[in-house]
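Notes follow the structure.
The first residue in the sequence is number 1, and the count goes up from there.
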Amino acid sequence: MDDSSGLKHTELEFTLAAVSQLSSSSLSSSSSSSSSVIARFSADSGVAELRFHRDSEFIDDFNVDIGTSQLFKLGPVQSLCVSESSGASKEKSYSRAVTIQFRNEDESRDFHSAFEQWQKDVIQAGIHLPNGAIAASKSKFDYKIEPSSAKMYFHYYGQLLHQQNMLQDYVRTGTYYAAVIENRVDFTGRVVVDVGAGSGILSLFAAQAGAKHVYAVEASEMAEYARKLIAGNPALAQRITVIKGKVEEVELAEKADILISEPMGTLLVNERMLESYIIARDRFLVPNGKMFPSIGRIHMAPFSDEYLFVEIANKALFWQQQNYYGVDLTPLYGSAFQGYFSQPVVDAFDPRLLVSPPLCHVIDFNEIKEEDLFEIDIPLKFIASVGTRVHGLACWFDVLFNGSAVQRWLTTAPGAPTTHWYQIRCVLSQPIYVMAGQEITGRLHMIAHNAQSYTMYLSLSAKMWGPGAVQGGILQTSSGKLDLKEPYYRMSQPQSYTMAQDQQPQQLLQAQAIPIHIEDLDEAELLRQPLENT
């Protein structure tokens with residue numbers, strides 16, 4: 001079956017032992033188990049549904065919209081299908097449930113597999129809608145992000161004060177402006193889609209550069225402010241259309257020659273907007289179209305910062321009190337100690353705190369798949385430049401605007417002008433000791449979660465040094481689990497640090513002399529870090 005919804009399955013039937021509908025209000029059941037029941041998957045009228053028939057007759061009120069339902073296994077031969085209410089309330093609630101009894105375990109397993117496959121096809125199906133219209137079924141965004149997180153996210157970016165904070169980041173805004181205006185050749189006469197347009201500033205830049213038309217897609221209430229701002233610039237407004245909705249859901253009248261967006265979060269990937277940027281590429285961009293930005297890099301290096309380590313460790317001292325109003329708090333000290341170290345630190349730091357030159361992990365927005373961002377695994381290998389205590393891993397990012405006329409980088413590196421992203425440091429609760437020339441290995445493993453961020457697993461190890469090193473033994477290892485969603489916003493400016501006794505001035509790493517190592521990249525010349533600009 002090949003219908004307008006894009007679903008390509010023929011009708012599929014399963015014979016069930018019984019089916020009953022549960023009422024969430026009365027907890028009563030309406031049973032239909034007097035004879036065998038047929039469960040039929042179909043996509044009539046472009047909507048994927050699960051319908052139940054008994055004695056060749058359709059059972060009223062037992063149809064299930066596959067796109068808005070979940071299937072739970074209660075036992076080897078029993079499952080529960082829960083579907084959303086279609087009431088007038090804007091807040092969705094799971095209020096209808098159908099209990100399904102199978103004849104055997106094999107049929108139960110086959111039914112679950114079919115349900116999952118049909119549900120995936122619903123997500124992937126492209127339904128033809130008028131320009132700017134939004135699909136009624138759940139989008140990819142809705143399936144992978146919990147509603148409470150999405151609500152807070154769009155509320156945050158729907159406020160002008162937060163947009164002002166980003167607009168006043170002149171490194172960010174100025175770099176975007178320069179990248180667009182210096183590459184007028186890429187924008188003149190072209191169709192542009194602004195992904196997550198916010199205030200609409202990037203759409204206005206694209207129009208200034210001569211874009212034929214700009215579609216500014218914004219899901220938050222900021223879309224109304226964008227319309228007002230754009231209307232206040234009538235010379236550009238006639239070539240900009242603001243569309244309120246998620247890029248996973250809206251439909252546009254034409255394909256885009258260029259995508260422009262500011263999808264970067266802390267550590268590049270926080271907030272998971274990069275995935276929406278990739279989805280917009282797959283949905284709207286013409287073959288060989290341009291993306292601004294087109295490449296992102298995460299830079300990492302071990303660091304030593306005794307002040308920061310002590311600051312974090314001291315936060316847990318509160319829980320060492322043995323007589324807090326007659327209560328012994330010490331049983332929670334260990335948990336509190338680990339809890340503080342589970343917070344990545346967001347601030348600007350002195351690049352002289354780095355213990356070795358950084359390495360980088362490259363993400364090519366033109367090529368990467370959405371699912372590649374669900375789990376990011378980065379092997380780490382450094383050579384210590386100084387002898388010191390390593391307290392964790394420092395990270396920052398940069399992105400490339402690969403224009404036809406000018407290639408421009410936006411960097412958040414330490415030592416460069418500070419941005420609202422700052423840098424991020426993952427502090428380990430147990431430092432490791434290294435000597436100059438010693439190899440440091442490890443792994444940064446990031447797993448996306450439905451609160452629009454990542455769980456980070458970091459491990460660092462110092463290899464054995466001196467006699468016996470040829471045997472390759474590990475002297476010490478430290479690891480930690482951090483939540484990128486819950487950082488410690490320290491956000492101090494770089495401080496002057498006293499020099500360690502075993503550090504000589506010539507040993508300290510200078511911000512302008514940190515080499516960038518690029519691995520697994522064909523266009524090495526293009527991606528070379530412009531140190532003179534930094």
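Scanning all heavy atoms of the two residues, the minimum distance from M456 to P344 falls at SD-CG, 4.3 Å. Residue P302 comes nearest to I440 through the heavy atom pair CG-CD1, 4.0 Å, listed as atom of the first residue, atom of the second, then distance. Nearest heavy-atom pair across A197 and A216 is CB-CB, 3.7 Å. Of all heavy-atom pairs between F365 and M291, the closest is O-SD, 3.4 Å. Looking at every heavy atom in both residues, E486 comes nearest to Q343 through O-CG, 3.3 Å. Here the shortest heavy-atom pairing between T441 and E439 reads CG2-OE1, 3.6 Å.
Distance alone, capped at 3.5 Å, places no donor-acceptor pair between the T419 side chain and the T412 backbone. Looking only at distances, a side-chain donor or acceptor of S304 sits under 3.5 Å from a matching main-chain atom of R389. Judged purely by atom type and a 3.5 angstrom limit, S478 uses its side chain to pair as donor or acceptor with the backbone of Q430. Side chain of Q320 to main chain of L317: no donor-acceptor pair is present (N/O by atom type, distance under 3.5 Å, no hydrogens or angles). In this structure, the side chain of N233 does not engage the main chain of I230 through any donor-acceptor pair within 3.5 Å.
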Check the pair V345 / V427 against side chain to side chain contact (heavy atoms under 4.5 Å, CB included), numbers first and verdict last.
CA-CA 8 Å; V345 177; V427 187; 4.0 Å; yes
List the steps, then state whether ring pair (Phe, Tyr, Trp, His ring centres under 6.0 Å) holds for F154 with F141.
CA-CA 13 Å; F154 291 123; F141 182 93; 5.7 Å; yes
Report the C-alpha separation of E254 and Y215 in whole Å, then their side-chain angles, then the decisive distance to 0.1 Å, and conclude whether the side-chain hydrogen bond (donor to acceptor under 3.5 Å, both in side chains) test is met.
CA-CA 10 Å; E254 54 189 329; Y215 294 95; 2.7 Å; yes
List the steps and the verdict of side chain to side chain contact (heavy atoms under 4.5 Å, CB included) for Q407 and L400.
CA-CA 7 Å; Q407 290 79 43; L400 171 66; 4.1 Å; yes
Dump the intermediate steps for side chain to side chain contact (heavy atoms under 4.5 Å, CB included) on I376 and I378, then the final yes or no.
CA-CA 7 Å; I376 302 172; I378 306 173; 3.9 Å; yes
Side chain to side chain contact (heavy atoms under 4.5 Å, CB included) between I260 and V195, intermediate numbers included:
CA-CA 6 Å; I260 189 168; V195 181; over 6 Å; no
Run the salt bridge (charged side-chain N to carboxylate O under 4.0 Å, His left out) check on R281 and E370 step by step: do they pass?
CA-CA 10 Å; R281 178 202 69 190; E370 177 200 0; over 6 Å; no
Residue pair E248, S276: steps toward the side-chain hydrogen bond (donor to acceptor under 3.5 Å, both in side chains) verdict
CA-CA 7 Å; E248 294 88 350; S276 296; 2.6 Å; yes
Decide yes or no on side-chain hydrogen bond (donor to acceptor under 3.5 Å, both in side chains) for S479 and S459, but give the supporting numbers first.
CA-CA 4 Å; S479 60; S459 64; over 6 Å; no
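Distance check: K290 NZ to N183 CG gives 7.5 Å after rounding to the nearest 0.5 Å. The distance from the CZ atom of R283 to the CD1 atom of I278 is 14.5 Å, given to the nearest 0.5 Å. Atom-to-atom distance recorded for R227:CZ and I240:CD1 is 12.5 Å, nearest 0.5 angstrom. Within the model, atoms OH of Y156 and CD of Q159 stand 8.5 Å from one another, a figure rounded to the nearest 0.5 Å. Distance check: L229 CG to Q163 CD gives 10.5 Å after rounding to the nearest 0.5 Å. F337 contributes atom CZ, which lies 9.5 Å from atom CG of N314 (distance to the nearest 0.5 angstrom).
At a cut-off of 3.5 Å, with distance as the only test, a side-chain donor of D194 or S203 sits close to an acceptor on the other residue. Side-chain atoms of S453 and N270 include a donor-acceptor pair closer than 3.5 Å. When only modelled atom types and interatomic distance are considered, D398 and H299 share a side-chain donor-acceptor pair under 3.5 Å. With hydrogens and angles left out, the side-chain atoms of H445 and E375 include a donor and acceptor closer than 3.5 Å. At a cut-off of 3.5 Å, with distance as the only test, a side-chain donor of S461 or T477 sits close to an acceptor on the other residue. In this model, a donor atom of one side chain and an acceptor atom of the other lie less than 3.5 Å apart for S149 and Q452. Looking at S220 and E218, their side chains do bring a donor and an acceptor atom within 3.5 Å of each other. Residues S404 and D186 bring a donor and an acceptor atom of their side chains to less than 3.5 Å of each other.
The pair E224-K244 does not count as a salt bridge, with every side-chain nitrogen at least 4.0 angstrom from each carboxylate oxygen. Ion pairing between a basic and an acidic side chain is recognised when a charged N comes within 4.0 Å of a carboxylate O; R352 and D350 show such pairing. Using a cut-off of 4.0 Å between Lys/Arg side-chain N and Asp/Glu carboxylate O, D347 and R490 are scored as salt-bridged. A salt bridge is defined here as a Lys NZ or Arg NE, NH1 or NH2 lying under 4.0 Å from an Asp or Glu carboxylate O, and D377 with R443 meets this definition.
Within the structure, ring-ring contact (aromatic ring centres under 6.0 Å, His included) pairs that include any residue of residues 187-208 comprise Y177-F205, F187-F292 (at least two apart or interchain).
At least one side-chain heavy atom of W421 sits under 4.5 Å from a side-chain heavy atom of D169. Contact of the V191 side chain with the K255 side chain is not registered, since no non-hydrogen atoms from C-beta on lie closer than 4.5 Å. Between S294 and F401 there is no side-chain heavy-atom pair separated by less than 4.5 Å. Under the 4.5 Å side-chain criterion, counting only non-hydrogen atoms from C-beta, T388 is in contact with V355. Residues Y176 and V171 have side chains not in contact (no heavy-atom distance under 4.5 Å, counting atoms from C-beta outward). In this structure, the side chains of M264 and V399 come closer than 4.5 Å at one or more pairs of heavy atoms. Looking at heavy atoms from C-beta onward, V214 lies out of side-chain contact with R239 at the 4.5 angstrom threshold. Contact annotation: the side chain of L444 never approaches that of Y457 to less than 4.5 Å [non-hydrogen atoms, C-beta and beyond].
Between F397 and the options I363, T266, L268, L267, a side-chain contact (heavy atoms from CB on, under 4.5 Å) holds for only L268. Partner of Y157 under the side chain to side chain donor-acceptor pair (under 3.5 Å) criterion, out of E271, H162, E221: E271 alone.
Counting non-hydrogen atoms of other residues, nucleotides and ligands closer than 6.0 Å to OH of Y225 gives a total of 12 or fewer. Counting non-hydrogen atoms of neighbouring residues, nucleotides and ligands closer than 6.0 angstrom, the CZ atom of F318 exceeds 12 such neighbours. Other residues, nucleotides and ligands contribute more than 12 heavy atoms inside 6.0 Å of the NE2 atom of H420.
R297 forms no cation-pi arrangement with W396, by the criterion of a distance under 6.0 Å to the ring centre and an angle within 45° of the ring axis. For the pair R425 and Y488, the cation-pi criterion (under 6.0 Å, within 45° of the ring axis) is not fulfilled.
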